[in-house]
S.K.: 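Sharing a structure here in structure tokens format.
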Amino acid sequence: MKIFNSKQAVHNYISELRSKGNTVGFVPTMGALHAGHLSLIEQAKKTADIIVCSIFVNPTQFNDKKDLENYPRPVDDDIKKLEKVNCDILFIPGVDEMYNSSEKWTIELGNLDKILEGKIRPGHYQGVTQIVKKLFDTIKPDFAFFGQKDYQQFMVISHMVKILRIKVKLVLCSIVREKDGLAMSSRNVYLSPVDRINSLALFHALSKFRDLYKIKSVAQLKAEITSFLNSAPGIELEYFEIFNAKSFQPVASKRSGSIIALVAAKVGTIRIIDNMIIEK
Ligand code: PAF
């Protein structure tokens, strides 16, 4: 695996490969790689000729300084994992390589920035779009792969790609879960043993949603699952919402296409998000 720290160097190297007719698949990450990330690489390998992964803990998408400082950075382990899955190129820049200190720009995200994660983490999606735009400009991928766990992030990036007319095909990859159902996340390592058990309430809530979906109305589903989560031990519910998976608006009835249930909660001190899509 070739490793680059400089934008120009990685750009030149990839341009050379592209000029020989190769397609480029890109997996942007913040490191602390787990099986979920590696499944994105596997998906990329099925789709493109050359696989590029980036590791960059993006400061502009953290609203909490402590969270940024504490974010895990096991770089050597990450490199080993990427080599094992035959990733071709790793781009791992420093902060100064990606940002000017005077830089201030935003992009119009409409309602996407104001609801659910956007509401709870003000500025988070502006930070995500800033870095993803810069990474796309550098790598110029044909395909970019994102995990469904951050579904709202996928909606935000899709919106950006559309309004800025960026030529990339975005691919949404299924959530990878631990054996007991917890969605994989780099932050799961911080759950205490008891919080780790309590965290399963989110997957149980989404499974309940899926099982009851055919026999209950949207209003009943919302009420029953919210109440289940509110009474789950060690869980501080932030939201449980039922949205149209395409328009990303709340739904009132099940008639409107694919449906996604989204949940966020604090388990101890750790925030966890998860979701489940029911295809029409
Ligand atoms: O999903 C993530 O890991 C990050 O938000 C991303 C897309 C790599 C941007 O920093």
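Whatever order the structure lists ligands and atoms in, that order sets their numbers, starting from 1. What you are looking at is a predicted structure, and each value in this text was computed from that prediction instead of being measured. Along the sequence shown, residues carry numbers from 1.
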S.K.: May I ask you to check whether N58 has an N/O atom sitting below 3.5 Å from an N/O atom of ligand 1?
M.R.: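 So ligand 1 has no N or O lying under 3.5 Å from an N or O of N58.
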
S.K.: Counting each atom of ligand 1 from 1 as listed, which ones have a heavy atom of M30 under 4.0 Å away?
M.R.: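 Atoms satisfying the 4.0 Å criterion: 3 (O), 4 (C), 10 (O).
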
S.K.: Can you tell me the protein heavy atom closest to atom 9 (C) of ligand 1 and the distance?
M.R.: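 For atom 9 (C) of ligand 1, the nearest protein heavy atom is Q61 OE1, 3.3 Å.
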
S.K.: Are any of the N/O atoms on T29, whether in the backbone or the side chain, positioned under 3.5 angstrom from an N/O atom of ligand 1?
M.R.: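 It does not: no N or O of T29 is found under 3.5 Å from an N or O of ligand 1.
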
S.K.: Does the cation-pi check pass for K208 over F228, that is, NZ or CZ under 6.0 Å from the six-membered ring centre and within 45° of its axis?
M.R.: yes

S.K.: Aromatic contact between F91 and F4, with the criterion being ring centroids under 6.0 Å apart: yes or no?
M.R.: no

S.K.: Charged N to carboxylate O under 4.0 angstrom, E97 versus K7?
M.R.: no

S.K.: Give the numbers and elements of all ligand 1 atoms closer than 4.0 Å to a heavy atom of I131.
M.R.: 9 (C), 10 (O)

S.K.: Step through it carefully: locate the ring centre of Y71, locate the ring centre of F62, and say whether they are under 6.0 Å apart.
M.R.: yes

S.K.: Taking the basic N atoms (NZ, or NE/NH1/NH2) and the acidic carboxylate oxygens, is any pair closer than 4.0 Å for R271 and E236?
M.R.: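 So R271 does not pair with E236 through a salt bridge.
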
S.K.: For atom 7 (C) of ligand 1, what's the nearest protein heavy atom and its distance?
M.R.: Q153 NE2, 3.6 Å

